[in-house]
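All values derive from a computational prediction rather than experimental measurement. Just so you know, these numbers use all the heavy atoms, side chains as well, and skip hydrogens, waters and symmetry mates.
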Amino acid sequence: MVQSYAAWEKRVRDLAESLMGPGSEPLRGHVLDFLRAGEHGLAIETLADWIGDLEEPAVVAPADRARVLDLASDFPEETRIRVRRALADPASR
């Protein structure tokens, strides 16, 4: 990762906190647990999967989707592909 792990983890934590409401507490816990365990790829993939599975995709602004993609940009190609796929328009999957 180009940026420090601590800075990256803070960005993911802040994004998860801002996007996931009270009904998403278990999933937010998974993202935060992955961060604590150093499983950064799983943390960003879990966040992207949650966004991609929303019944109302418009709940997450395009700018926030772009932030998730940016957070995945330094990962291996397999992770980037999974994140892009999770965030893709369901009609294009």
Side-chain angles (χ1 to χ4, degrees):
M1 298 181 135
V2 174
Q3 55 192 315
S4 75
Y5 285 112
W8 186 90
E9 288 174 358
K10 181 177 181 351
R11 289 177 61 202
V12 172
R13 189 176 307 107
D14 291 348
L15 185 57
E17 294 290 337
S18 72
L19 294 177
M20 296 179 170
S24 303
E25 193 62 40
L27 187 60
R28 180 179 25 222
H30 288 308
V31 171
L32 298 178
D33 286 345
F34 286 137
L35 289 176
R36 280 189 287 276
E39 295 289 347
H40 300 105
L42 288 173
I44 197 65
E45 286 180 35
T46 301
L47 183 58
D49 286 341
W50 174 78
I51 292 169
D53 290 342
L54 289 172
E55 289 182 20
E56 293 293 326
V59 170
V60 177
D64 288 327
R65 289 173 184 268
R67 287 172 60 194
V68 174
L69 288 170
D70 181 56
L71 287 165
S73 65
D74 289 334
F75 281 91
E77 184 176 1
E78 300 83 29
T79 301
R80 292 191 317 266
I81 288 169
R82 285 192 290 271
V83 168
R84 276 194 308 269
R85 189 174 297 139
L87 295 175
D89 181 351
S92 67
R93 289 186 206 168

> Please confirm whether the backbone N or O of Leu87 pairs with a side-chain atom of Arg65, one donor and one acceptor, at under 3.5 Å?
yes
> Check Arg11 with Asp14, please: is the shortest side-chain N to carboxylate O separation under 4.0 Å?
no
> Answer yes or no: is there a donor N or O on one side and an acceptor on the other, between the side chain of Arg80 and the main chain of Ala72, under 3.5 Å?
no
> Transitively linked via ILVMFWY side-chain contacts under 4.5 Å: Leu15 with Leu54?
yes
> Before you tell me yes or no, could you show the steps for Tyr5 and His40 under ring pair (Phe, Tyr, Trp, His ring centres under 6.0 Å), namely the whole-Å CA-CA distance, both residues' side-chain angles and the distance that decides it to 0.1 Å?
CA-CA 9 Å; Tyr5 285 112; His40 300 105; 5.1 Å; yes
> For the pair Trp8 (side chain) and Leu71 (backbone), establish whether a donor and an acceptor sit closer than 3.5 Å, ignoring hydrogens and angles.
yes
> Looking only at heavy atoms, which two atoms of Glu45 and Arg82 are closest? And how far apart?
OE1-NE, 3.0 Å
> Quick check for you: to the nearest 0.5 Å, what is the distance between Leu35 atom CG and Thr46 atom OG1?
9.5 Å
> Would you name the heavy atoms of Trp50 and Leu27 that are closest together and state the gap between them?
CD1-CD2, 2.7 Å
> Inspect the contact between Asp70 and Arg67 and indicate whether a charged nitrogen and a carboxylate oxygen are less than 4.0 angstrom apart.
no
> Which of these passes side chain to side chain contact (heavy atoms under 4.5 Å, CB included) with Glu17: Leu32, Val12, Val31?
Leu32
> Same cluster or not: are Phe75 and Leu47 linked, directly or through other Ile, Leu, Val, Met, Phe, Trp or Tyr residues, by side-chain heavy atoms under 4.5 angstrom apart?
yes
> Applying the 4.5 Å side-chain criterion to the ILVMFWY set and letting contacts propagate, would Val83 and Met20 be lumped into a single cluster?
yes
